[in-house]
There are 2 protein chains.
Amino acid sequence: MKSISSDDKNFICELQAPCFQTLTPDEVNLIRGSKTQVQFRKGDNLTKQGAFATYIMLMAKGLAIQYVEDESTKSYNLRIIKPGEFIGLSAIFSNNTFSYSSVALTDCQVFLVEKTAIIETINNNGIFGLGLMRRYTEHNNNLFDTLKTVLYKQMNGRLADTLLYINQFKQNFPDVFQLMARKDIADFAGISTESTVKLLKAFEKDGLIKLDGKDIKVLNNIELEEISRRG
Amino acid sequence: MKSISSDDKNFICELQAPCFQTLTPDEVNLIRGSKTQVQFRKGDNLTKQGAFATYIMLMAKGLAIQYVEDESTKSYNLRIIKPGEFIGLSAIFSNNTFSYSSVALTDCQVFLVEKTAIIETINNNGIFGLGLMRRYTEHNNNLFDTLKTVLYKQMNGRLADTLLYINQFKQNFPDVFQLMARKDIADFAGISTESTVKLLKAFEKDGLIKLDGKDIKVLNNIELEEISRRG
DNA sequence: TAAAAAGATTGAGCAAGATCAATTGGAATA
DNA sequence: TATTCCAATTGATCTTGCTCAATCTTTTTA
């Protein structure tokens, strides 16, 4: 990763882009005032689970995967981070270390904002804090869904979930699937790579999807949703 | 559940109890001002996953279990709620429905506080908001640990986790284990009741615990922690 | 371009736990 | 106290999905 000069006006202007429309004016100002912009290369870690978190990040450009890992080699992918989204919000409220890792799926441009600056703003402006908190809580709700998926669904349901989830990104990022290895898909579903490969073939045979190299075309949304629902 | 007259001074005074020392003065005032106190009977649901959440709860007296459920019969226990702890904090920040259910393990006394009253307070007082957010974020961090447990540990590690967790409550609530059926323990570990029974016996044979009716005495903390760590 | 490395695919065998069925024990009820 | 009901226990069996090993394909590197 390398730093970018803070007076790169073009970059700052990107805060006007559609994906940032959800930011509140206060948030925009805070980020404008932040001095640090960082560029990550595909494959770089944006955050590492357990590392000290003295700042939060705002994804400006690019895609990343957020995941949890254990001590050995296992990973479980939680979500795809897209432009306009924060990374590490929990650091603001209590956590001094990141609860999860994240890795760049494409080259990424990211703003870093000091935790202390944010806390100061919240102290003076409860409404600003509520806004940040709302974003954070939404992720948290997803975590409950994730937990239920892991607890109650088996292979087919999980892979259907995964395909539907990733497929949502295809509109704005047509090459999402190409960016991912089979193992990445497997880690979203929480099943082994081998099982993923076999099950993808099975889904294709049933006409639910079309495998085209690394790309995957969802052919039958309805039925995939049904499989997801059944678990 | 039945309402209690709001001028039950003895009850209000309990907010001075040690377990409420973590509440900020602002929080105490808010709760003092709340008009609703409710009593739940052992086995009653305090919250039901998916129900509308227009208020949050503060446990005043008693113990409850927080859990997530699927459509059928499966439950997974997340934590034991003890006096001084909030239930449903996420409702304040974004969620209009409860993400989880909770059920009284003993008779419980609970304060209900309207969401709107809290939001108003936060708007005027960012520091108060930060305090609530900190509590909320801590639960969220536990959720990451829970997810990792479910993803990466198997039976032995999970049951060891569960026993160590519940055992923490024994100091202040010596009969915690007696309050729970084997199924409750199983639902904390996320394994079947039958497997729980068999594994408890095995742990006893290895001298890790002593089974005494429903009560369980932890004999070898160190080794249980080792089993937990190994997964 | 050829060789090497990494990822994808496939099939066989295996292990962890769940489910099922039967039995026992304890507590609640008539 | 006898009866009923529900929780706890136990053993046998079954399912899911993982691991392992071999092969094939694609990408990367020399």
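Lettering of chains follows the sequences in order, A, B, ..., and the numbering in each one begins at 1.
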field: For atom CZ of A/R182 and atom P of C/dT10, their distance in whole Å
entry: 10 Å
- request: Take atom NZ of B/K205 and atom C1' of D/dT10, then tell me their distance rounded to the nearest Å.
  value: 13 Å
message: So if I define the base as every atom that isn't primed, P, OP1 or OP2, how would nucleotides 11-20 of chain D read as a B/S/- string at a heavy-atom cutoff under 4.0 Å?
response: BB----SBBB
query: Between B/Y76 (OH) and C/dA18 (P), how many Å, whole number?
result: 13 Å
Pull out every protein N or O sitting under 3.5 Å from an N or O of nucleotides 25-28 of chain C, one pair per line with the distance.
none

query: In terms of side-chain geometry, is the basic nitrogen of A/D70 or B/K148 positioned less than 4.0 Å from the acidic oxygen of its partner?
result: no
statement: B/L179 CG to D/dA7 P, in whole Å, measures 16 Å
- prompt: Thinking salt bridges, do A/R229 and A/E226 make one under a 4.0 Å N-O criterion?
  reply: yes
query: For A/V103 and A/Y67, which heavy atoms make the closest approach, and how far apart are they?
result: CG1-CE2, 3.9 Å
message: Under 4.0 Å between a side-chain nitrogen and a carboxylate oxygen: does that hold for B/D184 and B/K214?
response: no
message: Could you check whether A/E85 pairs with A/R135 (Lys NZ or Arg NE/NH1/NH2 to Asp/Glu carboxylate O, under 4.0 Å)?
response: no
query: Is the gap between the ring centers of B/Y136 and B/F93 under 6.0 Å?
result: yes
query: Rounded to the Å, how far apart are A/K183 NZ and C/dT9 C1'?
result: 17 Å
message: Could you check whether B/K217 pairs with B/D215 (Lys NZ or Arg NE/NH1/NH2 to Asp/Glu carboxylate O, under 4.0 Å)?
response: yes
- request: Classify the ring geometry between B/F169 and B/Y165 as parallel (under 30°), tilted (30 to 60°) or perpendicular (over 60°).
  value: perpendicular
- request: Please say whether more than 12 non-hydrogen atoms of neighbouring residues, nucleotides or ligands are located less than 6.0 Å from NZ in B/K82.
  value: no
message: Side chains of A/N77 and A/Q66, heavy atoms from C-beta outward: is any pair under 4.5 Å?
response: no
message: Measuring from the side chain of A/K201 (C-beta onward, heavy atoms only), which nucleotide among C/dA8, C/dT10, D/dT9 has the closest atom?
response: C/dT10
For atom CG of B/L199 and atom P of C/dA18, their distance in whole Å: 10 Å
Any residue of residues 210-218 of chain A with a heavy atom less than 4.0 Å from an atom of DNA chain C: A/K214
task: Verify side-chain contact (heavy atoms from CB on, under 4.5 Å) between B/Y76 and B/F188, making sure each step is shown before the conclusion.
output: CA-CA 6 Å; B/Y76 179 77; B/F188 265 109; over 6 Å; no
- request: In whole angstrom, give the distance that lies between atom CG of B/D70 and atom P of C/dA18.
  value: 14 Å
query: Expressed in angstrom and rounded to an integer, what is the separation of B/Q178 atom CD from D/dA8 atom P?
result: 13 Å
